[in-house]
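Index from 1, following the sequence.
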Amino acid sequence: MRWLFIDTKINRNLLSVVAFLLIYYLINPAQVLASRAFAPVKITPIIYKDIKIVAENNSPENMGIIQAFDINTNKLIWSKQVYKVRVKPNVEADTQWVFIKDMEIDGDRLVVINEKQKTYTLDPNTGNSLDKSSTASIIIIIPIILIILMYIVFRMKRLP
């Protein structure tokens, strides 16, 4: 392994750049550089028992919002924002939009899929989420990766 450090100054600088880029892309995932080339998919309303479930995909303000109406009275039963899209101000907004791509009933569950292929499961009667939280694993993994990278960079700086 010692052959990697023949010219330690170049290796340290290169490792620092690589570590910076890796950390940057972990914190700010790369965005699509071209603007949005297609309109969001029109989602057909779903009829479940006496409930009409709709996803309005017509504007950025409606991203991730599902609504359920009583078929007989047309009154809103529930409305839920399934996911939020945080638009970064320094990146073109329309490249960051994520609309609902598909919605279907699977047994007694409403399955919603967005354009990033993320799947959400709801109770069609109440709109309550049936998903198990997976953010805990992300919250644990990213700091571990950052600590390892920082250790490698500082370790390289101490080599003769």
Minimum heavy-atom separation for [X] to [Y], with atom names?
{"X": "Val91", "Y": "Thr95", "answer": "CG1-OG1, 3.8 Å"}
{"X": "Ile51", "Y": "Ala68", "answer": "CG2-CB, 3.6 Å"}
{"X": "Val54", "Y": "Phe69", "answer": "CG2-CE1, 3.6 Å"}

Is there a chain of hydrophobic side chains (I, L, V, M, F, W, Y, each step under 4.5 Å between heavy atoms) that links [X] to [Y]?
{"X": "Leu110", "Y": "Ile113", "result": "no"}
{"X": "Val82", "Y": "Ile46", "result": "yes"}
{"X": "Val111", "Y": "Ile100", "result": "no"}
{"X": "Val112", "Y": "Trp97", "result": "yes"}

Calculate, to the nearest 0.5 Å, the distance between atoms [atom1] and [atom2] belonging to [X] and [Y] respectively.
{"X": "Tyr48", "Y": "Asn125", "atom1": "OH", "atom2": "CG", "value": "4.5 Å"}
{"X": "Ile148", "Y": "Tyr151", "atom1": "CD1", "atom2": "OH", "value": "10.5 Å"}
{"X": "Ile53", "Y": "Ile43", "atom1": "CD1", "atom2": "CD1", "value": "12.5 Å"}
{"X": "Ile147", "Y": "Ile152", "atom1": "CD1", "atom2": "CD1", "value": "12.5 Å"}
{"X": "Asn114", "Y": "Phe99", "atom1": "CG", "atom2": "CZ", "value": "11.0 Å"}

For residues 60-67, which side-chain N or O atoms pair as donor and acceptor with protein atoms under 3.5 Å away, sequence neighbours left out?
{"from": "Glu61", "atom 1": "OE1", "to": "Ser59", "atom 2": "OG", "distance (Å)": "3.1"}
{"from": "Asn62", "atom 1": "ND2", "to": "Asn58", "atom 2": "OD1", "distance (Å)": "2.5"}

task: Kindly state each residue pair satisfying salt bridge (Lys or Arg N to Asp or Glu O under 4.0 Å) with at least one member in residues 96-110, sequence neighbours excluded.
output: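 Only Asp106-Arg109 qualify under salt bridge (Lys or Arg N to Asp or Glu O under 4.0 Å).
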- request: Would you confirm whether Asn57, through its side chain, and Val41, through its main-chain N or O, come within 3.5 Å as a donor-acceptor pair?
  value: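 Judged by distance alone, yes, a pair lies under 3.5 Å.
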Exam field: side chain Tyr83 to backbone Val98, donor-acceptor pair closer than 3.5 Å: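 Here the side-chain-to-backbone pair exists.
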message: Using side-chain heavy atoms (C-beta onward) and a distance below 4.5 Å, is Lys49 in contact with Pro124?
response: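 A side-chain contact is absent here, since even the closest heavy-atom pair is not under 4.5 Å.
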- request: Could I get the full list of side-chain contact (heavy atoms from CB on, under 4.5 Å) partners for Ile71, not counting sequence neighbours?
  value: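 Partners of Ile71 by the side-chain contact (heavy atoms from CB on, under 4.5 Å) criterion, ordered by chain and then number, come out as Ile47, Lys52.
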